[in-house]
Amino acid sequence: MIHLCYIDGKFVKPEEANLPVSDLIIQRGVGVFEAFASFGLKPLMLTPHMERFIASAKTSGIANIPDIEFMKNIVREGIAKIGKDVRIRTFLTGGDYFDTEKGCFPEPRFFAIFDDAGLITEEERNRGVILEPVSYGRDNPEVKSVDYRATYIMPKDAYDIIYCPNGEVTECGHSNFFLVCGNKIITAPLSRVLKGTTRGAVIELAKQDGYTVEERCPLWSELTGATEAFVTGSMKLVVPAVKIGGITIADGKPGKVTRRIIELYKKYMEQWLE
């Protein structure tokens with residue numbers, strides 16, 4: 001349920017928020033976004049999300065991006081107006097035209113949507129989730145674009161898709177992926193995947209706790225010998241993955257490393273609330 005929108009310089013009810021059909025986010029899918037949640041009425045990792053948002057826009061040729069502090073203030077104001085924890089999604093569109101001389105989209109539209117967070121339940125976290133493999137990779141992994149069509153085409157029991165191009169495992173549709181082999185944690189490098197905010201925090205926490213972290217793409221052939229797997233994201237935080245396609249990871253239950261990472265993340269999470 002959408003509670004509130006910010007568009008055209010003001011907060012409005014969802015039914016009052018509109019985009020013109022001339023906008024290139026509608027006509028050509030030109031647009032970037034961020035999605036994150038608030039906890040205790042404070043957005044989680046707001047600054048890293050807005051920095052990634054701006055980087056995605058610049059990489060996509062979107063110019064004249066609003067000031068980061070302005071956008072952060074809109075997020076905080078929206079949460080305060082609603083008065084409860086929500087999911088926040090910020091968008092920058094391609095606007096109405098592409099400037100061929102300057103090579104950019106010079107008049108983007110900025111808008112934000114505040115809706116129910118839809119957080120994963122503790123029951124799901126304790127049980128673990130199923131991932132559906134696809135044999136291709138994501139286009140422009142460094143950009144969080146609005147094209148998420150592939151994530152809707154999967155079996156009903158799957159929690160997310162996982163990209164597996166050429167025998168490698170890179171990332172999920174909505175999250176970063178980690179494979180655990182004993183005391184070693186493997187995750188794809190930033191040259192191949194989106195720079196997940198939770199991903200970065202988990203890598204640092206794992207290293208500080210004595211785990212070896214390898215930043216390389218796990219191989220599909222390594223899944224059968226893995227002891228655990230988990231995914232990370234801004235709203236799901238850390239979630240065990242117990243099955244990938246037809247492969248059950250180890251005994252099909254969340255493992256001790258994943259449980260430890262969840263414990264560590266929850267312990268230090270407050271420092272990332274802004």
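Note that these values count all heavy atoms, side chains included, but never hydrogens, waters or copies made by symmetry.
Shown here is Asn166, whose CG atom has no more than 12 heavy atoms of other residues, nucleotides or ligands within 6.0 Å. Within 6.0 Å of CD on Gln271 lie more than 12 heavy atoms contributed by other residues, nucleotides or ligands. Remark: Lys195 NZ is loosely packed, at most 12 non-hydrogen atoms of other residues, nucleotides or ligands lying under 6.0 Å away. Surrounding OH of Tyr268 are at most 12 heavy atoms belonging to other residues, nucleotides or ligands under 6.0 Å away. Around CD of Glu16, the count of heavy atoms belonging to other residues, nucleotides or ligands within 6.0 Å exceeds 12. Counted within 6.0 Å of NZ on Lys236, heavy atoms from surrounding residues, nucleotides or ligands total more than 12; the atom is thus considered enclosed.
Tested against Arg192 for a side-chain contact (heavy atoms from CB on, under 4.5 Å), the candidates Glu171, Glu168, Glu215, Arg216 yield a single pass: Glu168.
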Item to complete: In sequence, state the C-alpha distance, the side-chain angles, and the governing distance for Arg28 and Asp23, and then conclude on salt bridge (Lys or Arg N to Asp or Glu O under 4.0 Å).
Response: CA-CA 8 Å; Arg28 294 291 186 269; Asp23 197 300; over 6 Å; no
Item to complete: For Lys266 and Glu122, run salt bridge (Lys or Arg N to Asp or Glu O under 4.0 Å): C-alpha distance rounded to whole Å, both residues' side-chain angles, the deciding distance at 0.1 Å, then the answer.
Response: CA-CA 13 Å; Lys266 289 182 175 179; Glu122 286 308 304; 3.4 Å; yes
Fill in: side chain to side chain contact (heavy atoms under 4.5 Å, CB included) between Thr197 and Phe36, worked out
CA-CA 10 Å; Thr197 55; Phe36 47 98; over 6 Å; no
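Ring geometry, Tyr6 versus Phe110: the interplanar angle falls from 30° to 60°, so the pair is classed tilted.
Every ring pair (Phe, Tyr, Trp, His ring centres under 6.0 Å) that Phe33 has, sequence neighbours left out, goes to Phe91, Tyr148.
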